[in-house]
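Heads up: the structure comes next, in structure tokens.
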There are 2 protein chains.
Amino acid sequence: MKNIHIQIEVSKELYTKNPDSSELGRKIISSSIELINEIGFESFTFKKLGATINSPESSIYRYFTNKQALLIYLTSWYWTWTEYRLVFAMTIVASIDERLNKCIEILTQPVEVDDDISYVNEILLSEIIFAESLKAYHTKNVDEQNKIGCFEAYKSVVQRVSDIVLEIQPDFEYPHMLISTIIEGAHQQKYFSEHLPALTDKVKDKKAINSFYTELTWNFLKSTTRN
Amino acid sequence: MKNIHIQIEVSKELYTKNPDSSELGRKIISSSIELINEIGFESFTFKKLGATINSPESSIYRYFTNKQALLIYLTSWYWTWTEYRLVFAMTIVASIDERLNKCIEILTQPVEVDDDISYVNEILLSEIIFAESLKAYHTKNVDEQNKIGCFEAYKSVVQRVSDIVLEIQPDFEYPHMLISTIIEGAHQQKYFSEHLPALTDKVKDKKAINSFYTELTWNFLKSTTRN
DNA sequence: GCAGAAATGATAGTAATACTATTATCTTTG
DNA sequence: CAAAGATAATAGTATTACTATCATTTCTGC
């Protein structure tokens with residue numbers, strides 16, 4: 001995957017004007033990723049973003065109807081890109097068990113190297129996803145947004161990994177529940193370790209959360225196989 | 001537990017004036033529970049709440065500094081009350097295994113009967129907890145709020161159930177991770193089943209989420225015991 | 001039953017947010 | 001080089017999230 005520039009296509013429903021189509025649009029994306037990381041999504045406003053990129057907020061509104069739409073765009077970009085990462089990882093891993101392990105690793109650990117040469121900083125973006133992505137769909141407008149396809153990239157990733165689970169164990173009843181529990185759980189455990197450590201456990205190394213969910217998964221799958 | 005009126009004491013840090021100490025305070029709590037359920041926490045404002053109880057919003061501000069403080073109060077009330085439920089349940093269940101099962105049941109299923117005669121509707125409150133409680137601690141002020149003890153009730157519940165896990169298996173490394181994964185996971189799976197069903201699995205009955213997390217837990221604990 | 005205190009009501013006002021609208025200027029591109 | 005399209009500059013509105021003031025009601029001890 002190194003040095004290969006992948007063009008991530010984000011569904012047209014997620015923006016008013018495609019930010020990938022102009023200099024200003026790309027600046028909006030790259031600067032918003034930095035700014036959200038710095039001050040958090042709640043404090044983030046289009047006015048502040050405009051100030052950092054020296055453009056009026058009205059120009060930003062031409063790309064996104066509001067800041068939540070921008071967050072949905074970012075999460076969608078992330079999940080589309082993560083699906084590429086998954087697909088690529090599957091091509092170089094032979095055994096089905098190792099494939100699932102690799103998937104869990106990708107889903108539970110923040111990105112640490114920015115391979116891609118583009119205006120999207122994938123390390124910071126993955127931080128945003130871990131810390132704030134639940135704010136993209138925990139809103140009063142979920143149902144409408146879901147209807148127009150705002151969350152298809154995320155669903156697609158869950159489906160893909162669920163399929164691998166089913167390949168390992170075709171009669172498993174809760175593949176999607178398991179995978180979404182792992183993804184959301186890993187995000188939350190990281191948040192807890194940083195802000196509410198009493199809700200998680202002291203972790204020796206960075207891989208602890210990954211280990212936890214990997215073990216959890218295999219114990220679950222192995223046991224139901226035996227029955 | 002039937003017909004026993006339990007006085008839930010909420011920590012003084014969570015309010016400006018104790019809502020339990022006056023008629024208006026109790027009206028604020030009971031009406032906010034109904035209103036948040038109706039319109040969701042995001043659309044909920046003190047102005048709207050004032051309109052429904054025929055009091056000016058400034059009077060509500062005498063009890064809570066803002067709507068987020070009120071949500072923290074509600075979640076704290078819920079977890080304090082849930083700890084009573086857990087303690088009570090433990091007294092009538094003999095075996096340690098059955099105790100853990102009962103805990104998981106209490107943590108993963110919304111409340112269905114309102115036993116208590118009080119101004120708090122526990123059924124609606126549990127709906128709020130499942131749907132919105134993560135908004136209580138997923139904010140820019142978590143750290144300060146955590147410092148003054150806003151989340152002690154939740155932590156206490158996680159600790160209590162973690163202790164049961166450790167009683168079953170003293171060398172288990174991730175009891176808190178497991179319990180908070182179960183609690184938050186159950187909340188999210190319910191949300192997904194209502195709004196983003198592609199992220200979960202078709203569930204036959206109301207107990208499906210409970211069954212999933214119960215199985216998950218026992219498979220995890222049984223297997224590490226064997227090692 | 002009444003003075004004083006405390007709580008509540010009524011009303012007004014402010015700063016920030018989340019937009020929308022308009023017009024001017026710059027920048028492409030045919 | 002002219003027309004189209006994009007962006008900048010500026011202004012304005014509605015709502016939210018508060019704070020402040022003062023009048024009125026209610027409570028409480030004597």
Side-chain angles (χ1 to χ4, degrees), chain A residues 12 14-32 35-36 38-74 119 132 135-136 138-141 144-145, chain B residues 12 14-32 35-36 38-74 119 132 135-136 138-142 144-145 150:
Chain A
K12 281 194 298 237
L14 304 183
Y15 48 75
T16 311
K17 179 180 156 82
N18 190 350
D20 197 41
S21 71
S22 75
E23 190 59 33
L24 178 62
R26 288 185 290 270
K27 240 164 74 183
I28 287 171
I29 298 304
S30 61
S31 295
S32 67
L35 191 54
I36 292 171
E38 265 176 57
I39 64 177
F41 184 66
E42 285 156 281
S43 301
F44 171 85
T45 68
F46 279 0
K47 197 168 192 177
K48 289 176 187 169
L49 177 60
T52 69
I53 63 172
N54 289 310
S55 281
E57 51 176 340
S58 55
S59 292
I60 302 165
Y61 277 104
R62 281 202 289 276
Y63 289 85
F64 297 102
T65 54
N66 51 51
K67 70 172 182 173
Q68 209 233 332
L70 195 158
L71 182 61
I72 290 177
Y73 178 92
L74 292 179
Y119 59 94
E132 323 259 22
K135 290 170 190 164
H138 253 284
T139 66
K140 49 182 169 177
N141 313 312
E144 306 162 38
Q145 286 163 338
Chain B
K12 280 194 300 242
L14 303 182
Y15 48 75
T16 310
K17 180 182 156 79
N18 191 348
D20 197 40
S21 70
S22 74
E23 189 59 35
L24 178 62
R26 289 184 290 271
K27 239 163 76 182
I28 287 170
I29 298 305
S30 61
S31 294
S32 67
L35 191 54
I36 292 171
E38 264 176 57
I39 65 177
F41 183 66
E42 285 157 281
S43 300
F44 172 84
T45 68
F46 280 180
K47 196 167 193 178
K48 288 177 188 168
L49 177 60
T52 67
I53 63 173
N54 288 310
S55 282
E57 51 175 341
S58 56
S59 294
I60 302 165
Y61 277 103
R62 289 202 191 91
Y63 289 86
F64 297 101
T65 53
N66 52 51
K67 72 173 182 171
Q68 209 231 331
L70 195 158
L71 183 62
I72 290 177
Y73 178 93
L74 293 179
Y119 58 94
E132 322 258 23
K135 290 168 192 165
H138 253 284
T139 66
K140 49 181 168 176
N141 313 311
V142 221
E144 308 163 36
Q145 287 163 337
C150 288

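Keep in mind the model is a prediction, meaning the values are calculated, not measured. Each chain gets a letter, A, B and so on, in the order its sequence line appears, and its residues count up from 1.
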Hey, does the side chain of [X] reach the backbone of [Y] with a donor-acceptor pair shorter than 3.5 angstrom?
| X | Y | answer |
| --- | --- | --- |
| B:S31 | B:I28 | no |
| B:N66 | B:A69 | yes |
| B:E132 | B:G40 | no |

Those residues that, when tested against A:T16, pass side-chain contact (heavy atoms from CB on, under 4.5 Å) (two or more places apart): A:T65

Rounded distance (Å) that lies between atom [atom2] of [N] and atom [atom1] of [X]:
| X | N | atom1 | atom2 | answer |
| --- | --- | --- | --- | --- |
| B:N54 | D:dT24 | CG | C1' | 17 Å |
| A:L70 | C:dC19 | CG | P | 12 Å |
| A:L49 | C:dA18 | CG | P | 13 Å |
| A:I60 | C:dA21 | CD1 | P | 18 Å |

Derivation and outcome, side-chain hydrogen bond (donor to acceptor under 3.5 Å, both in side chains), residues B:N18 and B:Y63: CA-CA 7 Å; B:N18 191 348; B:Y63 289 86; over 6 Å; no

Close residues, residues 16-28 of chain A, relative to DNA chain C [heavy-atom separation under 4.0 Å]: none

Salt bridge (Lys or Arg N to Asp or Glu O under 4.0 Å) contacts in which one or both residues fall within residues 40-64 of chain A, not counting sequence neighbours: A:E42-A:K135

Could you go through nucleotides 10-20 of chain D and list every protein N or O atom that sits under 3.5 Å from one of its N or O atoms, giving the distance for each pair?
from: D:dC18; atom 1: O5'; to: B:Y61; atom 2: OH; distance (Å): 3.1
from: D:dC18; atom 1: N4; to: B:E57; atom 2: OE2; distance (Å): 2.7

Check: A:Y119/A:D20 side-chain N/O donor and acceptor closer than 3.5 Å: yes

Aromatic ring pairing A:F44/A:F46, orientation class (parallel under 30°, perpendicular over 60°, tilted between): perpendicular

Minimum heavy-atom distance B:A136-B:L71, with the two atoms named: N-CD2, 3.7 Å

Minimum-distance pair of heavy atoms, taken over all atoms of A:I29 and A:P19: CG1-CB, 3.7 Å

B:E23: partners by salt bridge (charged side-chain N to carboxylate O under 4.0 Å, His left out), with sequence neighbours left out: B:R26

Touch class at under 4.0 angstrom, heavy-atom based, for A:Y63 against every strand present: sugar-phosphate

N/O (side chain, B:S59) to phosphate O (OP1/OP2, C:dT8) under 4.0 Å: no

DNA chain C: 5'-proximal contact among B:S55 and A:R62 (nearest heavy atom): B:S55

Report each atom pair, protein N/O against N/O of nucleotides 28-30 of chain C, whose distance is under 3.5 angstrom.
none

